[in-house]
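Okay, so here's the structure we're looking at.
Predicted model, so just to flag it, every value in this text is computed and none were measured. Here is how names work: the chains are called A, B, and so on, in the same order as the sequence lines, proteins then strands, and each is numbered from 1.
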Number of protein chains: 2
Amino acid sequence: MTGATTAMAGCVPLAAPALSNEEAEATARLFAALGDPHRVKIVNLLATSPEPVCICNLIGPLGLAQPTVSHHMKKLVEAGLLEREQRGKWAFFSLNHEAVSKLAGLIDLEGKSR
Amino acid sequence: MTGATTAMAGCVPLAAPALSNEEAEATARLFAALGDPHRVKIVNLLATSPEPVCICNLIGPLGLAQPTVSHHMKKLVEAGLLEREQRGKWAFFSLNHEAVSKLAGLIDLEGKSR
DNA sequence: TCGATACATCGACAATAATCGATATGACTT
DNA sequence: AAGTCATATCGATTATTGTCGATGTATCGA
């Protein structure tokens with residue numbers, strides 16, 4: 001399935017894509033982590049909180065069941081945007097500011113010269 | 001279904017979420033537009049190209065069928081990240097740099113004080 | 001040790017999204 | 001007018017994802 005059936009007749013190909021498949025997939029994974037409104041709210045809550053927040057403090061504001069919140073937290077941690085810290089029976093989460101900066105820089109790269 | 005069944009017993013609620021549902025959904029839509037590796041490649045191609053690019057020049061590098069490329073372009077235009085310009089029978093696309101800057105600013109808001 | 005609490009995992013289900021072939025639309029050429 | 005080319009739309013299919021109830025695991029308190 002290479003596509004490109006008979007459609008691109010008189011078309012001159014541009015320069016080869018600058019991003020590798022792996023780079024594109026990694027970037028997409030990062031953006032996809034923020035592609036859900038509930039996860040955006042979670043990140044916003046953590047960004048506006050001076051202290052780490054536990055899951056039980058997120059269930060109410062989000063209006064989601066506890067397993068669903070756990071699911072979103074896992075996605076955000078796997079994306080590298082959040083850090084998880086166990087305190088007794090509570091799981092506290094905080095923003096990984098380094099990852100957020102890296103994400104912002106990624107967009108700058110995309111919008112400027114690379 | 002308000003969630004919060006019996007689970008959050010001794011939990012003190014934090015401050016109310018700062019983002020409205022509409023804000024969170026709009027932000028998520030923007031990120032979701034970049035949550036696909038092919039769309040990341042498209043944006044990268046447009047960012048590295050000094051001139052607008054037509055769809056027939058994207059089919060080859062992406063390895064996708066023409067309707068699939070059109071589908072991705074539509075998503076990116078709807079997200080406000082791309083601008084579409086008709087030239088004869090060709091459709092040329094270019095980055096909306098303003099939208100990209102706005103996206104970068106959004107992340108800064110999220111990572112800093114808001 | 002026993003019960004309660006906080007969270008994770010599992011299994012299922014529904015909604016969304018990516019993909020493509022077929023076809024329609026619109027523009028240029030002859 | 002007819003044919004060709006670039007793109008959009010449609011319909012169907014498959015894969016992914018968000019959601020929740022039920023259950024498992026670990027920690028704390030009595």
Whole-Å distance separating the [atom1] atom of [X] from the [atom2] atom of [N]:
X       : N      : atom1 : atom2 : result
B:Phe92 : D:dC5  : CZ    : P     : 17 Å
A:Lys41 : D:dG18 : NZ    : P     : 16 Å
A:Gln86 : C:dC7  : CD    : P     : 8 Å
B:His38 : C:dT19 : NE2   : C1'   : 10 Å
B:Glu85 : D:dA6  : CD    : P     : 18 Å
A:Asn57 : C:dC7  : CG    : P     : 8 Å
B:Leu64 : D:dA6  : CG    : P     : 18 Å
A:Ile55 : D:dA26 : CD1   : C1'   : 14 Å

Do the side chain of [X] and the main chain of [Y] share a donor and acceptor less than 3.5 angstrom apart?
X        : Y       : value
B:Ser49  : B:Leu45 : no
B:Arg39  : B:Ala32 : yes
B:Ser101 : B:His97 : yes
A:Asn96  : A:Leu82 : no

| field | Residue mapping more 5' on DNA chain D - nearest nucleotide basis, B:Phe93 or A:Gly35 | value |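 Between the two, 5'-proximity favours B:Phe93.
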| When you measure from every atom of DNA chain D, which of residues 70-81 of chain B have a heavy atom less than 4.0 Å away? |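 B:Ser70, B:Lys74 - these, ordered by number, are the residues of the stretch whose heavy atoms sit under 4.0 Å from the strand.
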| message | What I want to check is whether an N or O donor and acceptor connect the side chain of A:Gln66 with the base of C:dA8 at under 3.5 Å. | response |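 Donor-acceptor pair under 3.5 Å: yes.
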| What pair of heavy atoms forms the shortest contact from A:Ile55 to A:Ser70, and how long is it? |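 Answer, listing the atom of A:Ile55 first, then A:Ser70: CD1-OG, 3.6 Å.
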Looking at [options], which one has an atom nearest to any side-chain atom of [X]?
X       : options               : result
B:Trp90 : D:dT19, D:dT7, D:dA22 : D:dT7
A:Lys89 : D:dT7, C:dA6, C:dA22  : C:dA6
B:Arg84 : D:dT19, D:dT7, C:dG21 : D:dT7
B:Asp36 : D:dT19, D:dT7, C:dA18 : C:dA18

| query | Passes side chain to side chain contact (heavy atoms under 4.5 Å, CB included), B:Val53 versus B:Phe92? Steps please. | reply | CA-CA 5 Å; B:Val53 178; B:Phe92 281 79; 5.6 Å; no
| query | Does a nitrogen or oxygen in the side chain of B:Thr68 sit under 4.0 Å from OP1 or OP2 of C:dA18? | reply |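 The answer is no; no side-chain N or O of B:Thr68 sits under 4.0 Å from OP1 or OP2.
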| query | Closer than 4.0 Å, any side-chain N/O of A:Arg87 to the OP1 or OP2 of D:dT27? | reply |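 A:Arg87 to D:dT27 OP1/OP2: no side-chain N or O under 4.0 Å.
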| task | If a pair satisfies side chain to side chain donor-acceptor pair (under 3.5 Å) and one of its residues is in residues 75-85 of chain B, list it, with sequence neighbours excluded. | result |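 Qualifying pairs, neighbours excluded: B:Arg84-B:Gln86, B:Glu85-B:Arg87.
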